[in-house]
Amino acid sequence: NNFSRPHDIVWIYDYKASNCAVCFEKVSTSIYYCNDYFGEYAYSKYEPKLCGKVDYVFCTAPKLRDRLIKYNQSCMFLPHGVWQPKNTIKFEKKSKPETIGYIGTLNATVDIDLFCKILDQTDYKLILGGPIVECGEAKKGSFKKLFNRERVSYLGNVERSDLYDELGNIDICMIPY
């Protein structure tokens with residue numbers, strides 16, 4: 001980026017960006033957005049150095065904040081965005097679950113093989129929802145092939161107003177990474 005003029009803010013989400021942090025003196029505010037646990041290698045090689053150079057560290061988990069606060073006192077827990085329900089949600093536990101599902105971004109990191117294994121080895125119905133983004137044509141084709149299988153319902157991009165009703169239709173929610 002062009003740092004010849006002052007910028008209001010630089011938002012970094014890649015822990016390897018500590019090498020570009022020398023440009024921060026021309027930036028009013030710099031933020032490291034730590035939205036994942038990158039492991040011991042990142043922690044031993046990059047993250048403490050980067051945390052010491054930026055103005056703020058935003059962590060998406062309290063354990064990340066607790067780990068990085070010793071390098072930057074302006075380290076805060078900033079959870080991923082959520083929508084609070086407008087009314088009380090009631091979930092009834094079934095004696096035998098019937099559905100497994102995921103509602104969220106469908107991208108290159110989603111494990112389609114896991115979904116196929118569920119379909120091949122169980123009698124569960126699979127409910128999926130969310131936009132298909134950040135993946136190549138081959139992965140998009142794999143999603144479309146999955147959506148055409150028996151016992152699979154693809155909801156598309158779920159609107160905020162429908163999110164809790166759709167989650168209520170899923171007996172077991174998963175994060176397929």
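Numbering starts at 1 and runs along the sequence shown.
- Of the possible donor and acceptor atoms, one in the side chain of Tyr154 sits under 3.5 Å from a partner among the backbone N and O of Gly130.
- Annotation: cation-pi geometry satisfied between Arg67 and Tyr43 (NZ/CZ under 6.0 angstrom from ring centroid, within 45° of ring axis).
- Counting heavy atoms from C-beta outward, Asp66 and Phe77 have side chains that stay 4.5 Å or more apart.
- Salt-bridge formation is not detected for the pair Lys117/Asp111: no Lys NZ or Arg NE/NH1/NH2 atom is positioned less than 4.0 Å from an Asp or Glu carboxylate oxygen.
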Item to check | Intermediate values then yes/no, side chain to side chain contact (heavy atoms under 4.5 Å, CB included), Ile127 and Val152 | outcome: CA-CA 6 Å; Ile127 300 173; Val152 176; over 6 Å; no
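- A heavy-atom distance below 4.5 Å is not found between the side chains of Met76 and Val57.
- Judged purely by atom type and a 3.5 angstrom limit, Thr99 uses its side chain to pair as donor or acceptor with the backbone of Asn169.
- When all heavy atoms of Val158 and Gly129 are compared, the pair lying nearest together is CG2-CA, 4.2 Å.
- In terms of heavy atoms, Lys140 sits closest to Ile132 at CG-CG2, 3.8 Å.
- In terms of heavy atoms, Cys59 sits closest to Cys75 at SG-SG, 3.8 Å.
- Considering OG of Ser161 and CD of Glu166, their distance stands at 10.0 Å, rounded to 0.5 Å.
- The CG atom of Leu146 sits 6.0 Å away from the CG atom of Leu128 when rounded to the nearest 0.5 Å.
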Item to check | Test side chain to side chain contact (heavy atoms under 4.5 Å, CB included) applied to Cys173 and Leu167, step by step | outcome: CA-CA 8 Å; Cys173 293; Leu167 286 172; 4.1 Å; yes
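- Using a 4.5 Å cut-off on side-chain heavy atoms (C-beta onward), Ile170 and Lys125 make no contact.
- A side-chain donor-acceptor contact under 3.5 Å links Thr109 and Asn107.
- Cys135 approaches Phe143 most closely through the heavy-atom pair SG-CE1, 4.4 Å.
- Between Met174 and Ile118, the closest side-chain pair of non-hydrogen atoms falls below 4.5 Å.
- Remark: the Tyr32 side chain and the Glu47 side chain contain an N/O donor-acceptor pair separated by less than 3.5 Å.
- By the 4.5 Å heavy-atom criterion applied to side chains, Tyr56 and Leu78 are not counted as neighbours.
- Although no hydrogens or angles enter the test, the distance criterion places no donor-acceptor pair under 3.5 Å between the side chain of Arg65 and the main chain of Phe58.
- A 4.5 Å side-chain heavy-atom check between Val54 and Ile31 finds every atom pair outside the cut-off.
- With rounding to the nearest 0.5 Å, the separation of CD1 in Ile172 from CD in Glu98 is 10.5 Å.
- Cluster annotation: Leu119 is connected to Ile175 through the hydrophobic network of ILVMFWY side chains, with a link wherever side-chain heavy atoms come within less than 4.5 Å.
- Judged purely by atom type and a 3.5 angstrom limit, Lys139 uses its side chain to pair as donor or acceptor with the backbone of Val110.
- Residue Leu155 holds its CG atom at 9.5 Å from CZ of Phe147, rounded to the nearest 0.5 Å.
- Ion pairing between a basic and an acidic side chain is recognised when a charged N comes within 4.0 Å of a carboxylate O; Arg149 and Asp120 show such pairing.
- The side-chain heavy atoms of Pro176 and Phe115, taken from C-beta on, include a pair separated by under 4.5 Å.
- Put simply, the side chain of Asn72 never gets that close to the backbone of Gly52: no donor and acceptor are under 3.5 Å apart.
- The heavy-atom pair separating Cys34 from Leu64 by the smallest distance is O-CD1, 3.7 Å.
- Taken from CG in Asp55 to OG in Ser74, the straight-line distance is 7.5 Å, to the nearest 0.5 Å.
- Counting heavy atoms from C-beta outward, Leu106 and Pro131 have side chains that stay 4.5 Å or more apart.
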Checklist entry - Run the side chain to side chain contact (heavy atoms under 4.5 Å, CB included) check on Ile100 and Asp171 step by step: do they pass? => result CA-CA 6 Å; Ile100 293 179; Asp171 298 322; over 6 Å; no
